[in-house]
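Chain naming here is simple, since letters A, B, ... match the order of the sequence lines and numbering starts at 1 in each. Computed from heavy atoms alone, side chains included, the values below leave out hydrogens, waters and symmetry copies. Being a predicted model, the structure only gives us computed values, none of them experimental.
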Amino acid sequence: MVHLRSAVCMLGRFPALAGADLDVESGEIVLLSGANGAGKTTLLRLCAGLLPLRSGQAEVLGVDLAVDRRAIRRALALVGHETFCYDDLTVVENLHFATRAAGHSSAAADAALERLALSRVAHVTHGRLSQGQRRRVSLAIALARDPRLLLLDEPHAGLDEEGRLVLDEVVRGAPGEGRTVLIASHELDLARKLATREVRLAAGQIREARADVSRPDISRPPRAEAIA
Amino acid sequence: MVHLRSAVCMLGRFPALAGADLDVESGEIVLLSGANGAGKTTLLRLCAGLLPLRSGQAEVLGVDLAVDRRAIRRALALVGHETFCYDDLTVVENLHFATRAAGHSSAAADAALERLALSRVAHVTHGRLSQGQRRRVSLAIALARDPRLLLLDEPHAGLDEEGRLVLDEVVRGAPGEGRTVLIASHELDLARKLATREVRLAAGQIREARADVSRPDISRPPRAEAIA
Amino acid sequence: MTLVRKYAFGAAVLVALAVTAVLALFVSPDDAVQGDAVRLLYLHVPSAWIAYLAFFVTAVASVLWLVPRTRRPTWDLLAGASAEVGVIFTGLTLALGSLWGRPVWGTWWEWDARLTTTAIMFFLYLGYVALRRTGATADERGKRCAIAALIAFADVPIVHFSVNWWQTLHQTGTVFNEELNPTIHGSMAFTLVFGVGAFTLLYGYLVLRRLRIAELEEGLEEREVERAIAERLRAEQVVPA
Amino acid sequence: MMFVRDALLVAGKDLRIERRSRVALQQILPFGGIVIVMFAFALDADRTSLPSAAPGLFWAAVLLAALLAIGRSFTVEEANGARDGLRLSGLDGGSIFAGKAAAIAVELFLLEVVLGVAVVVLYGVALHGAVVLVCAAVAATIGLAATGTVYGVLATGLRARDTLVPLLVLPAVTPVMLGATRAFAAALEGSTSEAWQWVQLLAAFSLLAVAAGVMAFGPLLEES
Amino acid sequence: MMFVRDALLVAGKDLRIERRSRVALQQILPFGGIVIVMFAFALDADRTSLPSAAPGLFWAAVLLAALLAIGRSFTVEEANGARDGLRLSGLDGGSIFAGKAAAIAVELFLLEVVLGVAVVVLYGVALHGAVVLVCAAVAATIGLAATGTVYGVLATGLRARDTLVPLLVLPAVTPVMLGATRAFAAALEGSTSEAWQWVQLLAAFSLLAVAAGVMAFGPLLEES
Ligand code: HEM
Ligand SMILES: Nc1ncnc2c1ncn2[C@@H]1O[C@H](COP(=O)(O)OP(=O)(O)OP(=O)(O)O)[C@@H](O)[C@H]1O
Ligand SMILES: Nc1ncnc2c1ncn2[C@@H]1O[C@H](COP(=O)(O)OP(=O)(O)OP(=O)(O)O)[C@@H](O)[C@H]1O
Ligand SMILES: [Mg+2]
Ligand SMILES: [Mg+2]
């Protein structure tokens with residue numbers, strides 16, 4: 001699915017990804033953790049083919065990104081800080097545009113709308129949506145595109161409890177539907193419950209990769225002892 | 001500090017705040033919870049004097065918002081989804097501008113920079129910052145302005161563990177420094193640890209106001225049972 | 001307003017316009033110099049004056065909206081409605097004027113002060129209307145539009161006095177104007193005055209209708225706010241919160 | 001086939017946004033009108049020179065309005081990282097180009113009709129050779145829209161797109177301006193054959209611009 | 001005192017952003033230059049009519065560049081909700097206005113100097129009455145900057161600000177354009193006294209614009 005070998009991405013003169021090695025097999029749910037500015041978003045954007053590979057190898061969905069960054073686009077979905085939506089179009093219109101652009105049927109779009117309980121705001125223009133509603137919209141778009149690789153950048157942020165339930169069941173269901181998932185998140189206790197594996201980024205490199213994430217001492221962030 | 005009596009805020013034809021009653025006394029740390037689109041952000045923006053009051057009463061820091069929405073500005077700080085920063089200015093420049101605009105010394109700005117461990121990116125232009133770094137910047141600005149009322153809209157979102165430690169100690173320390181805090185958040189277990197009181201918004205109205213937030217059955221969101 | 005009164009108003013407008021037409025076309029004499037062309041006077045001048053009236057109303061409504069004590073959503077909407085009608089009448093003035101200019105001055109358009117300032121007035125208020133139509137909510141919009149309206153209104157007196165301030169080809173000052181027609185005192189003057197009255201009725205009618213529509217679109221009096229809140233509560237009980 | 005479908009999808013999207021926001025109709029069109037009037041000032045309003053200058057001024061006004069239309073068309077792609085959205089959408093660059101250019105062209109046509117009337121009236125121009133005028137306008141408009149779209153995407157995501165686009169587009173479309181102006185001038189003077197020559201030149205340019213756009217847009221969208 | 005301090009703070013901020021991004025220098029200035037050249041085309045390049053048309057074309061070019069500068073100055077306030085930031089900053093509206101207008105005026109001055117030279121060279125204009133020319137330019141520029149800033153803030157946060165600003169600003173500044181053009185024309189023809197009259201008119205307009213701005217800006221920044 002995703003294979004990085006000392007992959008380097010430069011943002012300007014800064015190596016936001018400074019030689020990362022990562023192997024994600026089909027059906028995995030991998031959690032990317034790491035401090036602010038560690039390079040999580042950059043890594044996800046690289047995997048989505050949005051950033052050029054400066055050096056090293058990067059193979060996603062069997063395609064070598066150094067050769068072609070566009071072939072994989074229809075087969076993946078990225079849920080990031082931005083919704084990629086048009087403020088003047090309603091939720092439905094945005095959803096349908098994105099879905100049909102990816103060559104899927106509007107039916108898929110409507111199903112996704114239902115699933116994320118967006119019907120109430122279906123005809124509100126995107127510009128007026130609340131933060132969490134926007135997050136739901138981008139999740140809906142991602143689902144409607146039925147991707148084989150699902151890249152989630154802090155997916156829990158801004159979602160209410162109901163939304164988190166949906167998100168969690170989407171992620172949990174992913175392997176069953178033949179999806180591979182990469183999650184970058186700071187809500188570690190939630191994300192670790194979902195992930196089959198955690199990978200820690202630091203200074204643009206993969207530091208430790210742990211197989212077992214369920215060790216309590218890890219899953220409970222230091223904060224807890226530190227203060228309470 | 002904050003007193004709302006059936007306060008109504010309209011966004012277009014939509015009552016984003018539909019008659020909210022809220023009383024926050026000086027030194028309190030109040031958690032606003034509620035579903036996506038419930039009206040949390042709207043309530044905070046109203047308190048910051050950014051939105052006009054359509055009907056009802058709203059008094060913040062002793063000023064009637066119906067009469068004057070600008071008097072309170074220097075005495076409060078809002079940390080929201082946006083950083084209010086200029087992409088072409090570096091972190092320091094943005095910080096100094098915001099601080100001096102509020103009539104404070106640059107020293108305060110530098111202290112805040114230290115406190116949020118932003119020194120490494122002090123001279124990176126804001127446009128290049130990562131999500132969490134941006135969140136830190138807006139926190140830094142808020143601190144440097146030494147506000148009496150601190151409005152936090154999903155402050156944990158995007159912050160890494162270290163950042164959350166800082167945030168939590170800032171919030172915990174607030175009453176001591178004579179600050180009152182309103183937190184809108186979906187990371188309930190974290191926020192509830194900080195808050196002295198929780199208020200739940202639904203459909204633009206305050207539904208239940210709970211004095212004791214530490215009851216385990218509440219502080220553990222349904223998600224937990226539902227799935228794990 | 002009740003149906004009856006509404007139709008009464010509409011009918012009155014129609015009758016008044018019809019009478020004006022009759023007076024203008026048949027009763028009033030044609031001009032010594034201009035021949036029949038002069039009959040455009042009865043459309044051109046009233047529409048110009050009504051445009052002034054419309055923009056004046058817009059300015060006043062804007063002030064009323066700006067003053068906190070008198071602020072009602074209606075003032076904002078009235079300002080908008082009146083401005084839109086005013087733009088129409090300004091356009092009419094321009095169109096009829098150039099129609100008239102063709103036979104009289106031998107040209108559609110002349111870059112003289114009156115004509116130019118009128119054109120500027122036209123664009124200023126087109127801008128104002130565009131500003132209102134940016135999809136912003138009434139709250140976001142209100143103050144900006146009010147102030148924009150006041151700035152724009154500064155041009156109206158300039159249009160009016162342009163003929164005195166600058167040397168213009170366009171008729172100066174008064175209607176009782178020699179080279180226009182010596183016999184204006186009689187039927188012409190009456191027709192003109194009557195025409196102005198008829199146009200004023202038309203203006204009032206249009207503005208009221210536009211105002212109604214606007215109020216249905218977005219005018220939020222207290223009860224409507226109440227209803228909106230009730231609706232929202234009903235709607236969101238369905239959604240599990 | 002796919003190409004057309006996708007192009008229509010994109011064009012439809014842009015036109016729907018326009019229908020929602022009415023920017024072209026309520027802002028760009030009046031702007032063009034004002035420019036026409038302002039130019040008359042700039043020429044100190046000596047009626048004699050206006051008719052002769054009319055074609056140039058008309059096209060200058062169209063060009064300025066076109067700059068706004070192009071800017072708007074890509075402002076829309078900038079909010080919420082829509083540009084990345086387009087890249088991820090899986091749409092082929094060529095069809096995105098065709099769609100956006102088409103949408104802009106449609107808006108410009110309407111604009112030209114209205115401005116044309118205004119010029120005829122205000123500058124006192126006598127019309128000749130409607131056919132060649134229309135053909136020239138069509139060819140020129142396509143050229144404008146195509147060139148503008150290419151540079152528009154080239155500038156999106158870069159800092160200060162809204163100032164960069166005019167800077168890039170203006171020089172690039174001087175041929176169009178020149179050709180269209182001369183074509184109009186010739187047509188209005190009644191020398192139709194000369195006008196047709198200019199039209200051919202415009203058509204050639206437009207074809208090139210469209211071809212270039214279809215090929216270059218994808219790569220430009222990927223830029224970085 | 002406070003007022004001046006804050007105004008300087010804001011102006012400094014804007015000018016620093018400009019120094020960082022060099023938009024005015026590297027994009028708006030060249031744009032103005034191109035416009036000057038394009039006009040020469042549009043006028044069919046008969047050198048005879050160019051000198052007479054020079055003042056008008058110069059000011060038209062300045063105006064178009066000014067539109068970009070104004071747009072830019074408020075694009076900057078739009079990203080990351082900076083507009084709300086300004087409102088929360090606690091700065092007094094009047095001083096924000098003064099600061100932003102000053103920054104724009106500074107940029108325009110430099111622009112005019114360069115474009116002026118270009119016009120003199122390209123259009124073969126013979127210079128007379130430097131003093132009155134400079135005074136006219138100063139007065140006109142202040143008027144432009146002030147008016148532009150008022151309408152700029154009036155449009156920020158609204159949909160399609162970048163098309164709305166030109167639409168609103170153009171008609172509002174026609175007096176400036178007219179006055180400046182006439183002043184320059186008069187000065188170049190050597191009838192200095194007439195030029196001075198226009199300068200007075202410009203000065204009056206600018207004063208009004210500044211006063212209006214200082215008063216209106218604060219309220220405009222506040223929604224309703
Ligand atoms: C496009 C061309 C024209 C425009 C924009 C125009 C505009 C106006 C305006 C704005 C007014 C109202 C003036 C005021 O009372 O403040 C007016 C009045 C008038 N116009 Fe025109 N006009 C045009 C052409 C003409 C022509 C061709 C004639 C006839 C030769 C004409 C005759 C008059 C007369 C007699 C009045 C009433 C004079 C007075 O009492 O003020 N106009 N026009
Ligand atoms: N020109 C530059 N100079 C210095 N640093 C830069 C530059 N451009 C980008 N960066 C840095 O690159 C990093 C981008 O990392 P990225 O956005 O992937 O972080 P992240 O892991 O997603 O962090 P977060 O958890 O906060 O989202 C940031 O540290 C940012 O400061
Ligand atoms: N014109 C409109 N029509 C319908 N609904 C609107 C309109 N404008 C705003 N809204 C609604 O107003 C609400 C805004 O609420 P607000 O942003 O305060 O929610 P929130 O509590 O902050 O939600 P979140 O937790 O997702 O941030 C949203 O439900 C949004 O859909
Ligand atoms: Mg990130
Ligand atoms: Mg919110």
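- Using cut-offs of 30° and 60° for the angle between ring planes, the E/Trp59 and E/Phe184 rings count as perpendicular.
- In this structure, B/Tyr86 and B/Phe97 have perpendicular ring planes: the angle between them is above 60°, well past the 30° mark.
- Of the two parts of B/Ile141, neither the backbone nor the side chain holds a non-hydrogen atom closer than 4.5 Å to a non-hydrogen atom of chain E.
- Among the candidates E/Leu88, E/Leu91, E/Asp6, the residue making the largest number of heavy-atom pairs closer than 4.5 Å to chain B is E/Leu88.
- Both the backbone and the side chain of B/Arg100 come within contact range of chain E, each with at least one heavy atom under 4.5 Å from a heavy atom of that chain.
- Applying side chain to side chain contact (heavy atoms under 4.5 Å, CB included) to E/Met177 and the options E/Leu63, E/Val62, E/Leu170 leaves one that passes, E/Leu63.
- For B/Thr125, the part sitting under 4.5 Å from any heavy atom of chain E is the side chain, from C-beta outward, and nothing else.
- With a 4.5 angstrom heavy-atom cutoff, B/His126 touches chain E only via side-chain atoms.
- Neither the backbone nor the side chain of B/Ala98 comes within less than 4.5 Å of any heavy atom of chain E.
- Salt bridge B/Glu162/B/Arg136: present, at least one basic N to carboxylate O contact under 4.0 Å.
- The two residues E/Ala79 and B/Asp87 have their closest heavy-atom pair at CB-OD2, 4.1 Å.
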